[in-house]
Amino acid sequence: MDVARGKVVETNSQQLTAAQQEAVAHQDGPMLILAGPGSGKTRVVTHRIANLLQIGVPAHQIAALTFTNKAAQEMGNRLATIAPGQDVWMGTFHRFCARLLRRYASMVGLAENYSIYDTSDSKQAMKRAIAAAEVSTSHTSADQIAAVISRAKNRLVSPEMMQGQSLRHNEAVAARVYPVYQKQLLLSNAVDFDDLLFHVANLLRENPELRSELDSRYRYIMVDEYQDTNLAQYAIVRSLSVDYPNLAVTGDPDQSIYGWRGADINNILDFEKDYPHVKTVRLEKNYRSAPNILRIADQLIKHNTRRKDKQLLTDREEGAPVVLRMYEDGYREADDIADQITAAIQNEGCRPQDFAVFCRMNALTRSVEHAFRSRGLPYQIVNGVEFYQRKEIKDLLAYFHLVNNPAHDVALQRVINVPTRGIGAKSIERLRDFADGNGLTLLDAARNSDQIEALPTRSATKIRQFVEMFDRLSLKATGSLEELLLHLLEQTDYRAFLRKSSVDEQDNSPLANVDELLTAAVEFDRQFPEDGSLEAFLEQVALVSDTDAFDEENDRVTLMTMHAAKGLEFPRVFIIGVEDDLLPHYRSKEDPMQVEEERRLLFVGITRAEERLQLSCCKRRALRGDLRPVVGSPFLMELPREEMRFIEPEDSNQFFDSGDEFGDESFSVDGDAPEIWDQSNDSATTNEIDEVCQLPPDELPAKKAAKKPALIPAGLKTAANLLNEQSNDDKIPLNDFRNGMIVHHEEYGAGKVTAVSGRGPKRTATIEFSSGAARSFRLAFAKLTLGEQ
DNA sequence: GATGTTCCATTTTTT
DNA sequence: ATGGAACATC
């Protein structure tokens, strides 16, 4: 795994505060560390581990459970600096369970080479289960059923327990699908994400000897982000802390943001009830943020009812006021933020990595990305799973999965006709029927394809050929990943298939992705030369999370969701789209508890900022295709306006330095400005837009049309588009770089392209200059123009 | 059976 | 806007 250095320089334990020292010194018995944002929680936990080691606790008796690999890594790195060479187990809950489950797979009816289905795999499996269960999905959907089942598993509800309960419609449907789905998973020797926890929790509950063995094996357990644990996770740590109740959990109820995934905030709120003799430590001193940022955060979170009241204290100096800014639309918002960052880098000596832009949902990163790219501002989008969700990567990995676990039906269905080899939907359906009818896996059914009466000989032959190809491939399973992948690519002629099926000729990114996967395989081979690396590789791939993609060594502006931002910190933070229906999201507005969670999400975002913070919202936002009027988030009303600096769009001729005037009066000066803080639906702008939108295009009043970008049909150029195009004018489109092309670089002069790889912002070209030097450039940022031939 | 077309919903957040 | 699924055509 990559080694990322922590930003915080470790100091010795003398410099811990009294509260921190108290937590560090705690040895036996349960402990609850209520740690506010930026309170040095990771530092406390690592020092405590070091302390335990020092007093003679063997490293293998300690386990630290986190929610992301990133957090585990960070902890590991820090521990390495204060207690080097100690083999303390650190990792995510899911990885911990995956590991236990490998060992005790047979006890839950799995084989040790079981596969972990990712979300799309389990969705496929779900569809098949729904069909097999013969239920109607007329008033529900596969997604809804999946959600109900997921929730059930998180709450340790088994298929049997779900029967016979009085349920709502989609729950009743789910209750019928659930047992079928579980049976199919077992037959496929597979688990979904929830099963990792579910199986382990059941294992511990049903096998007292095993439970006590593991309890004594893991005598000291630490859980990070305890506020985000669900019932299954709760049950797991609880049953590992009976004989040796040395469970130390850290968390902050105010940062509980995974309720939608089954996390139960009561786990942390009731911890003291669960463990009567618990030692509770509150870390309330904040080392991260300027006081004005903390006051804003504090004011906001005070509006929640389900919480433990907590102070946020800091010694830091007062900083610049928090900015609350309104823009005309998302494009202006993105452009302005890009400009602000560019200016700060030029004039204030900031570096790209000092900045982060947070949003409620991934879709909002698009416009920001565009603005950054057009300015040559280096950035990283933190969504680690993206690469592994690309078609070509999923295809190849599906072959890997099938080699590792031939029962993996989802993988087989994915690849049996990829590349196309004449096995169509009908054949697959017959194969599936045969498998279902005889309780076989799809591969076993395929091995007996000549016995399937419904199958034409022609199809049976094709299927047999596929099985033969697969068997040849399987022979490579014990070799290196590189060897396996190369063999696979050759046997299936996959690259040719990609070239043939790619829609536009220019786009060779699928091929570049294949190369990137190859690189990853080689790298994994290098790191884990032992046997069995295929399984380990697939497990690692299955359990990567978005946050894991964050690279703090990289000098780039970071773009991510607030969920992904938890646990991180940046000197300057922008939070975009602080708008009603987005934050809080409209789906969460019915339930006051969910609204509180949304408020906590904003709290998490705000408290990531060290020095400066800007919250912004727009008058209009392009979402789901078209530009719609929006209003500011009700949360903005909860902030102490007198402490903030409010900035309106320039072209409405309004500029308010600070908050006193920020209310009604500000807006009434200009009749055109919408009352963004007013949630009522009858705001002037809303009506105006609606009204105009109903007119046929040629009847649009010219004046209004000119003023409202909202009314410009997609495809026409907006001012923002034009601007961006201009600045890109002389640059070569990314995908136009070809080997042998002659280019010109500002600094190095003329050169020839010798290699191109990567895609999107990572697209890179190697160029040999006339001086003889060769250099690689990220094309999105390099200053390259077309050279003379 | 393969390929192309249209239509549809779908998007909150993620291990 | 995008991608998947259903439908139509070769």
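Just so it is clear: chains get the letters A, B, ... in the order the sequence lines come, proteins before strands, and each one is counted from 1.
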Next item on the list: Might you work through the side chain to side chain contact (heavy atoms under 4.5 Å, CB included) test for A:Asn417 and A:Thr420, ending with a clear yes or no?
Entry: CA-CA 5 Å; A:Asn417 199 33; A:Thr420 46; 4.2 Å; yes
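Nearest nucleotide to the A:Ser459 side chain, out of B:dT15, B:dT14, B:dG1: B:dG1. Here the side chain of A:Lys500 is nearest to one of B:dT14, B:dT3, B:dG1, namely B:dT3. Out of B:dT14, B:dT15, B:dA2, the shortest distance to the side chain of A:Ala564 is found at B:dT14. The side chain of A:Tyr258 approaches B:dT14 more closely than any other nucleotide in the set B:dT14, B:dA2, B:dG1. Listed candidates were B:dT3, B:dG1, B:dT14. Nearest to the side chain of A:Thr420 is B:dT3.
A:Tyr104 places none of its side-chain heavy atoms less than 4.5 Å from the side chain of A:His199.
Taking the six-membered ring for Trp and the full ring otherwise, A:Phe67 and A:His94 have centroids separated by 6.0 Å or more. Ring-centre distance between A:Phe96 and A:Tyr218: below the 6.0 Å cut-off. Taking the centre of each ring, A:Phe570 and A:Phe550 come in below the 6.0 Å mark.
Residue-nucleotide stacking is not present for A:Phe193 and B:dT14, judged by a side-chain ring centre under 5.5 Å from the six-membered base ring centre and planes under 30° apart.
If A:Ala425 and A:Asn362 are placed on DNA chain B by their nearest nucleotide, the residue sitting closer to the 5' end is A:Ala425.
Separation of the C1' atoms belonging to B:dT13 and C:dG4 is 22 Å when rounded to the nearest angstrom.
Not one side-chain nitrogen or oxygen of A:Thr119 sits closer than 4.0 Å to the OP1 or OP2 atom of B:dT14. For the pair A:Asn417 and B:dA2, the criterion of a side-chain N or O lying under 4.0 Å from OP1 or OP2 is met. For A:Thr68 and B:dT15, the shortest distance from a side-chain N or O to OP1 or OP2 is not below 4.0 Å.
With rounding to whole Å, A:Ile116 atom CD1 is found 10 Å from B:dT15 atom C1'. Distance CD (A:Glu225) to P (B:dT15): 13 Å, rounded to an integer number of Å. In this structure, A:Arg366 places its CZ atom 8 Å from P of C:dT2, rounding to the nearest Å. Per the geometry, NZ belonging to A:Lys426 stands 19 Å off P belonging to B:dT3, to the nearest Å. Rounded to whole Å, atom C1' of B:dT11 lies 14 Å from atom NE2 of A:His563. For the pair A:Gln233 CD and B:dT15 C1', the computed distance is 9 Å after rounding to whole Å. Between the NE2 atom of A:His199 and the C1' atom of B:dT15 there is a distance of 16 Å, rounded to whole Å. To the nearest angstrom, C1' of B:dT15 lies 8 Å from CH2 of A:Trp260.
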Nucleotides 3-7 of chain C: which of its N/O atoms have a protein N/O under 3.5 Å away?
{"residue": "C:dA5", "atom": "OP1", "partner": "A:Lys127", "partner atom": "NZ", "Å": "2.8"}

Do any N or O atoms of the protein come closer than 3.5 Å to N or O atoms of nucleotides 4-10 of chain B, and which pairs are they?
none

Show me the donor-acceptor pairs, under 3.5 Å and distance only, between side chains in residues 422-431 of chain A and residues at least two apart or in other chains.
{"residue": "A:Ser427", "atom": "OG", "partner": "A:Ser459", "partner atom": "OG", "Å": "3.4"}
{"residue": "A:Arg430", "atom": "NE", "partner": "A:Ala454", "partner atom": "O", "Å": "3.4"}
{"residue": "A:Arg430", "atom": "NH1", "partner": "A:Ala454", "partner atom": "O", "Å": "3.4"}

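For A:Ser122, there are no side chain to side chain donor-acceptor pair (under 3.5 Å) partners at least two apart in sequence or on another chain. Evaluation of the ring-ring contact (aromatic ring centres under 6.0 Å, His included) rule for A:Trp260 yields A:Tyr258, A:His563 as partners, not counting sequence neighbours.
In this structure, A:Arg373 is not positioned above the aromatic face of A:Tyr379 in the sense of NZ or CZ being under 6.0 Å from the six-membered ring centre and within 45° of the axis.
The salt bridge (Lys or Arg N to Asp or Glu O under 4.0 Å) analysis of residues 124-133 of chain A, with sequence neighbours excluded, yields the pairs A:Arg128-A:Asp409, A:Arg128-A:Asp436.
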